[in-house]
Amino acid sequence: MKISKGSLESEISKSITQWEKDYLGRGSVSAKTDILRDMIIVNLKGILTAAEHSVCETKEGMLTIKKTRSELVESGIEDLKDIILTITGEKVKSFHTDISSRTGERVMVFKLFNELEKNLLM
């Protein structure tokens with residue numbers, strides 16, 4: 001039985017937000033997930049604290065926050081891969097992420113071994 005794309009995207013968003021709360025101690029304000037071919041793209045808004053926004057006003061501060069936040073997420077990559085595998089049944093081939101110090105958004109891209117989108121109901 002095929003599952004709907006929207007319900008899978010919603011479940012991924014909820015699970016990643018919960019992982020942020022459990023692992024990082026703070027979750028994003030909102031999360032939106034899109035499944036496109038063999039990729040899962042997660043956009044997380046409102047991840048920086050007010051203090052981090054202040055630190056990001058200088059180039060050195062911005063680089064420090066980006067580096068620290070990236071290291072924190074990368075340290076939990078196995079948990080994130082497990083979330084994707086559990087929800088979709090697909091293994092993650094590679095993971096990419098970046099954070100915008102200006103908007104406070106993080107983008108996560110999970111590249112899968114197989115094309116997930118073609119197996120879902122639109």
Side-chain angles (χ1 to χ4, degrees):
M1 182 173 107
K2 287 191 175 187
I3 189 165
S4 81
K5 183 178 172 185
S7 65
L8 210 55
E9 290 169 337
S10 177
E11 190 174 344
I12 292 167
S13 292
K14 287 177 193 166
S15 294
I16 297 231
T17 299
Q18 188 61 51
W19 172 83
E20 287 180 302
K21 290 176 182 173
D22 295 343
Y23 190 76
L24 302 174
R26 182 176 188 275
S28 54
V29 173
S30 69
K32 171 76 172 99
T33 298
D34 292 293
I35 296 170
L36 179 65
R37 294 184 300 272
D38 63 343
M39 293 178 287
I40 298 172
I41 303 157
V42 183
N43 184 20
L44 304 161
K45 293 184 178 181
I47 63 160
L48 293 180
T49 65
E52 287 172 321
H53 274 291
S54 290
V55 171
C56 285
E57 290 176 8
T58 67
K59 182 172 181 162
E60 183 181 321
M62 183 242 341
L63 292 173
T64 300
I65 295 297
K66 284 181 76 126
K67 182 177 186 287
T68 302
R69 282 295 191 129
S70 288
E71 287 174 356
L72 287 170
V73 169
E74 291 283 346
S75 71
I77 187 60
E78 293 308 316
D79 292 341
L80 291 168
K81 287 180 178 180
D82 286 344
I83 288 169
I84 299 301
L85 178 61
T86 300
I87 294 171
T88 67
E90 295 289 337
K91 286 188 175 182
V92 175
K93 181 195 271 186
S94 61
F95 173 75
H96 312 274
T97 187
D98 195 18
I99 186 170
S100 168
S101 57
R102 190 171 44 81
T103 64
E105 293 177 309
R106 170 179 294 286
V107 174
M108 294 178 170
V109 179
F110 298 89
K111 186 90 164 127
L112 307 174
F113 281 97
N114 299 300
E115 188 170 322
L116 176 60
E117 185 179 35
K118 71 179 178 185
N119 298 323
L120 302 174
L121 296 172
M122 297 301 185

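Values below: all heavy atoms of this structure, side chains included; hydrogens, waters and symmetry mates excluded.
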To the closest 0.5 Å, what do you measure between [atom1] ([X]) and [atom2] ([Y])?
{"X": "Thr58", "Y": "Glu60", "atom1": "OG1", "atom2": "CD", "value": "6.0 Å"}
{"X": "Ile3", "Y": "Thr88", "atom1": "CD1", "atom2": "OG1", "value": "10.0 Å"}
{"X": "Ile65", "Y": "Glu52", "atom1": "CD1", "atom2": "CD", "value": "4.5 Å"}

Side-chain donor/acceptor of [X] to backbone N/O of [Y], under 3.5 Å:
{"X": "Ser75", "Y": "Leu72", "result": "yes"}
{"X": "Lys45", "Y": "Ser28", "result": "no"}
{"X": "Ser10", "Y": "Gly6", "result": "no"}
{"X": "Glu9", "Y": "Ile35", "result": "yes"}
{"X": "Thr33", "Y": "Ile12", "result": "no"}
{"X": "Ser7", "Y": "Ser4", "result": "yes"}

Handout entry: Leu116 vs Met39, side chain to side chain contact (heavy atoms under 4.5 Å, CB included): CA-CA, chis, key distance, verdict
Key = CA-CA 8 Å; Leu116 176 60; Met39 293 178 287; over 6 Å; no
In terms of hydrophobic clusters joined by side-chain contacts under 4.5 Å, are [X] and [Y] together?
{"X": "Val92", "Y": "Leu85", "result": "no"}
{"X": "Ile84", "Y": "Ile87", "result": "yes"}
{"X": "Leu80", "Y": "Ile41", "result": "no"}
{"X": "Val73", "Y": "Ile77", "result": "yes"}
{"X": "Leu36", "Y": "Met108", "result": "no"}

Problem - Worked check of side chain to side chain contact (heavy atoms under 4.5 Å, CB included) between Lys93 and Leu112 - result: CA-CA 5 Å; Lys93 181 195 271 186; Leu112 307 174; 5.9 Å; no
Where is the tightest heavy-atom contact between [X] and [Y], given as atom of each residue plus distance?
{"X": "Ala31", "Y": "Ser13", "value": "O-OG, 3.7 Å"}
{"X": "Lys66", "Y": "Ile99", "value": "NZ-O, 2.9 Å"}
{"X": "Leu44", "Y": "Ile47", "value": "CB-CG2, 3.9 Å"}
{"X": "Asp34", "Y": "Lys32", "value": "OD1-NZ, 3.2 Å"}

Problem - Within residues 10-25 or reaching into it, pairs that qualify as salt bridge (charged side-chain N to carboxylate O under 4.0 Å, His left out) - sequence neighbours excluded - result: none
Problem - Residues forming a ring pair (Phe, Tyr, Trp, His ring centres under 6.0 Å) with Phe95, sequence neighbours excluded - result: Phe110
Problem - Charged N-O contact under 4.0 Å between Arg106 and Asp98 - result: no
Practice task
Have a look at Asp38 and tell me which of Lys111, Lys118, Lys91 forms a salt bridge (charged side-chain N to carboxylate O under 4.0 Å, His left out) with it.
Solution key: Lys111
Handout entry: Atom CZ of Arg37 with >12 non-hydrogen neighbours under 6.0 angstrom
Key =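 Not more than 12 within 6.0 Å, no.
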